[in-house]
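Shown next, in structure tokens, is the structure this report addresses.
Remember, it's a predicted structure, so these values are computed and weren't measured experimentally. Letters A, B, ... are given to chains in the order of the sequence lines, protein chains preceding strands, and every chain is numbered from 1.
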Amino acid sequence: MTDVLREALGRAAEKLGAPDVEFVLERSKDTGHGDMATNLAMVLARVQKTSPRAVAAKILESLELPPGLVDKTAIAGPGFINFWLATDELAASLRAIIGAGDRYGAHDYGSGIRVNVEFVSVNPTGPLHVGHGRGGALGDAIASLLEWSGHQVTREFYLNDAGVQIDRLAQSLWARVQEAVGRSAEIPEGGYHGEYLRGDAARLLEREGRAFADLPEEEGVRRCRVLAVQAQRETQDQDLASFGVRFDLISSEQAIYDRGAIGKTLALLHARGLTFERDGALWLRTTDFGDDQDRVLRKSDGTYTYFLPDIAYHVDKHDRGFDRAIDVWGADHHGYIPRVRAAMRALGYPDEFFHVSIVQLVKVLRGGEEVKMSKRSGEFITLRDLIDETGPDAARYFFLMRRADSPLNFDLDLATTQSDENPVFYVQMAHARMSGIFRVAEIDPDTVSADVQLDALPAPEDRELLKKLTAFPEITARAARELEPHRLTGYLEELARLTHGWYHKCRVLGEPPAVERARLALARATRIVLANGLTLLGLTAPDRI
RNA sequence: GCGCCCGUAGCUCAGGUGGAUAGAGCAUCAGCCUUCUAAGCUGAGGGUCGUAGGUUCGAAUCCUACCGGGCGCACCA
């Protein structure tokens, strides 16, 4: 309906001699301002140097609207034009919601666009902590939003299974193995002190036999390299699975080395004349592409920096045919963005190809006090601990309810509260209440007819709730375009508030038949939108709580 | 020192491609239970949108400077 109105306004602007003017058509924030509002007159007035209200009057004169769309128009404030939508138009929206069902809010504008969303991508050196949980929730939600707008999405995890940190992990595990058979052993400098390696060592000995500990150190450590990574990956996968996050592909850094992608990437950059040698090292001239200093690709000792395999990995994403590569990174990596972007430009990729969403830190609060985390000592709140305490729904919701680039306070007490103060509970409760109506009536909601007389909805709350439902597709589109799932949690809370208010004020069952039928349809539509929003974010939509 | 992010109600935060009287939740205060879940609802108070300039008919939003907080500035990963 907004499209029809927008086109009509565009044609009116054309008649007034401004064919390509950009204007805003939005939902009115205030019910006194009708259902829709546009600033078209004010924008035109600026160009034509006349009074906005006078222009608004001219627009309304030349505006040709199809019948049955708008009941009433008004010029208001500094020159806004407000529209009151006809009841028939709202009735059509109700039918559209019910007709689309679990696809209501989906779009197809992303059709044919292939997107790679890479997230979590934590080193396989220990369990996931809460920060990874936020990245996981965000990446998964971004991926889902893009799918809902028609994109073809691959969820990918980049596994840093090469490099010096894996050596230290292997040495640390070997030390725990020695310890487990009663020998004294030291965790190496920069190694991993966490308790989890003790458990891994015990399981390893059980599986491989006690003789494993008697291997020569070199061989023992070598085998620990593989076994340690495997053990951490298993734990991480279990944690992610119970969090409802699943990947289409795990990409290994080691594999990038093994298949010679490093050399190819180097050759690619060299062929473009963008590398140079200085002080025995090989550099990439990233300053030509917006970075504030050039970066080393190959150190003077002959080994590669992390930067080079990372470029190779993104080349690989590009070669696999993705139109966009979206990376979800922790805030501590944001300084790394300019050099990777520079590398992408150096390779001639369009700027839209590479995007990074930064996730800020999570502060966990209990009883109003911060729960301190220290990775160095090996004591930190793991994602597992968090899920065990709050359940996956609350954890996911809390991670998503703030903008990713602002720090998050995760209030454990609030997340586990079964009351309206808890936003997850509040939204799920709204869904459960809608389901409750059908349960009591002993009606299958999917059989409720959408073909109802909207005049039979007597309360303003009926109309307000329905209008809110019709905003859902705009919210999913905006959230997908901006890669901002928090827009959806915010919308769901607003919708839940209206739903609870409507439920309280407007009875459904036992009303006159026409009213009951209309409200059953409205309850069905509300249930659909709440369920779609929750499902999209990876949460359950319970029928009872 | 340089770069990026942030600064909005007592608290936690939306709004940020310039638009109408700056919003929500929590907290506070005042009310409301013969109900399809009170696990709920209604109302009130509460603001120099960090500060100072600038652009504009119009700035929380854009620009500049400054103040405060976070993160980053490796031939680490």
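Within the 4.0 angstrom heavy-atom criterion, no nucleotide atom of any strand lies near A:Gly490. Contacts of A:Gln165 with the nucleic acid, taken as non-hydrogen atoms under 4.0 Å apart, involve only primed sugar atoms and P, OP1 or OP2. Among the protein residues, A:Arg433 comes within range of the sugar-phosphate backbone only, with heavy atoms under 4.0 Å from sugar or phosphate atoms but none that close to a base. Across all strands, A:Arg278 comes closer than 4.0 Å to base atoms (heavy-atom distances). Residue-level contact check: A:Ala432 touches the bases, meaning some heavy atom is under 4.0 Å from a base atom. Among the atoms of the strands shown, base atoms are found under 4.0 Å from some heavy atom of A:Ala281. Among the atoms of the strands shown, none is found under 4.0 Å from any heavy atom of A:Ala523. A:Glu493 comes within 4.0 angstrom of nothing in the nucleic acid, heavy atoms only. Across all strands shown, A:His33 has heavy atoms under 4.0 Å from base atoms, whether or not it also approaches the sugar-phosphate.
The aromatic rings of A:His333 and A:Tyr336 sit perpendicular to each other, their planes meeting at more than 60°, with 30° as the lower class boundary.
Residue A:Lys363 has no polar side-chain atom (N or O) positioned under 4.0 Å from OP1 or OP2 of B:G70. Checking the phosphate oxygens (OP1, OP2) of B:G15, a side-chain nitrogen or oxygen of A:His486 falls inside 4.0 Å. At B:C57, none of the side-chain N or O atoms of A:Arg53 fall inside 4.0 Å of OP1 or OP2 (strictly under the cut-off). Contact check, A:Asn409 against B:C13: a side-chain N or O comes under 4.0 Å of OP1 or OP2. Between A:Tyr503 and the phosphate of B:U37, there is a side-chain N or O to OP1/OP2 separation shorter than 4.0 Å. For the pair A:Arg481 and B:U17, the criterion of a side-chain N or O lying under 4.0 Å from OP1 or OP2 is not met.
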- prompt: Where do A:Leu536 and A:Thr476 land on the side-chain contact (heavy atoms from CB on, under 4.5 Å) test, with the steps shown first?
  reply: CA-CA 9 Å; A:Leu536 177 44; A:Thr476 54; 3.9 Å; yes
message: Set out, in order, the CA-CA distance, both residues' side-chain angles and the distance that settles side-chain contact (heavy atoms from CB on, under 4.5 Å) for A:Val529 and A:Tyr491, then state yes or no.
response: CA-CA 11 Å; A:Val529 174; A:Tyr491 168 82; 3.7 Å; yes
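Summarising the geometry, the separation between CZ on A:Arg439 and C1' on B:U37 is reported as 8 Å, rounded to the nearest angstrom. Following rounding to the nearest Å, A:Ile475 (CD1) and B:G15 (P) show an atom-to-atom distance of 11 Å. Rounding to whole angstrom units, CD of residue A:Glu494 and C1' of B:G15 are separated by 10 Å. B:C75 atom P lies 15 Å from atom CG of A:Leu308, rounded to whole Å. Atom CG of A:Asp310 is separated from atom P of B:C76 by 15 Å (rounded to the nearest Å). Whole-Å rounding puts the A:Leu412 CG to B:U12 C1' distance at 15 Å. In this structure, CG of A:Leu495 is placed 17 Å from P of B:A24, rounded to the nearest angstrom. Computed from coordinates, the A:Asp332 CG to B:C76 C1' distance equals 13 Å when rounded to whole Å.
Taking a pair to require two hydrogen-bonding distances under 3.5 Å in either a Watson-Crick or a G-U wobble arrangement, B:C57 pairs with B:G19. For B:U12, the paired base is B:A24 (Watson-Crick or G-U wobble, both distances below 3.5 Å). The partner of B:C2 is B:G72, by the rule that a Watson-Crick or G-U pair needs both atom distances under 3.5 Å. Nucleotide B:U64 forms a Watson-Crick or G-U wobble pair with B:A52, both donor-acceptor distances falling under 3.5 Å. Base pairing of B:C29 is made with B:G43, judged by Watson-Crick or G-U wobble geometry with both donor-acceptor distances under 3.5 Å.
Between B:C49 and B:G43, the two C1' atoms lie 26 Å apart (nearest whole Å). Spacing of C1' atoms, B:C5 relative to B:G50, comes out at 15 Å, to the nearest Å. Here the separation of B:G7 from B:C76, taken at their P atoms, is 36 Å to the nearest Å.
Other residues, nucleotides and ligands place no more than 12 heavy atoms under 6.0 Å from the NZ atom of A:Lys58. Counted within 6.0 Å of NZ on A:Lys505, heavy atoms from surrounding residues, nucleotides or ligands total 12 or fewer; the atom is thus considered open.
When distances run from any side-chain atom of A:Ala37 to the nucleotides B:A20, B:A77, B:A39, the shortest one goes to B:A20. Checking B:C13, B:C36, B:C75 against every side-chain atom of A:Ile437, the shortest atom distance belongs to B:C36. Minimum atom distance to the side chain of A:Pro78 is reached by B:A20, of the listed B:A20, B:A39, B:C75. Of the listed nucleotides (B:C36, B:C75, B:G16), B:C75 has the atom at the smallest distance from the side chain of A:Asp279. Of the candidates B:C71, B:U37, B:C75, the closest approach to any side-chain atom of A:Thr305 belongs to B:C75.
With respect to the salt-bridge test (charged N to carboxylate O, under 4.0 angstrom), the residues A:Arg527 and A:Asp543 qualify. The residues A:Arg339 and A:Asp310 are annotated as not salt-bridged, no charged nitrogen and carboxylate oxygen being separated by less than 4.0 angstrom. Salt bridge A:Arg295/A:Asp292: present, at least one basic N to carboxylate O contact under 4.0 Å.
Scanning atom types as modelled, one donor and one acceptor separated by under 3.5 angstrom connect the side chain of A:Asn82 and the base of B:A20.
B:C29 takes the anti form, because its glycosidic angle lies more than 90° either side of 0.
Ring-centre distance between A:Phe119 and A:Phe157: not below the 6.0 Å cut-off.
Taken to the nearest 0.5 Å, the OG atom of A:Ser28 stands 7.5 Å off from the CD atom of A:Glu26.
Nearer the 5' end of RNA chain B, as judged by each residue's closest nucleotide, is the contact made by A:Phe438, out of A:Ser300 and A:Phe438. Nearer the 5' end of RNA chain B, as judged by each residue's closest nucleotide, is the contact made by A:Arg497, out of A:Val296 and A:Arg497.
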Atom pairs, N/O to N/O, protein against nucleotides 1-5 of chain B, distance under 3.5 Å?
residue: B:G3; atom: N2; partner: A:His334; partner atom: NE2; Å: 2.6
residue: B:C4; atom: O2; partner: A:His334; partner atom: NE2; Å: 3.2
residue: B:C5; atom: O2'; partner: A:Asp405; partner atom: O; Å: 3.2

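B:A39 has no stacking from A:His500 on its base ring, since the centres under 5.5 angstrom apart and planes within 30 degrees of parallel are not both found.
Take A:Glu493 and apply the salt bridge (charged side-chain N to carboxylate O under 4.0 Å, His left out) test, not counting sequence neighbours, and it matches no residue.
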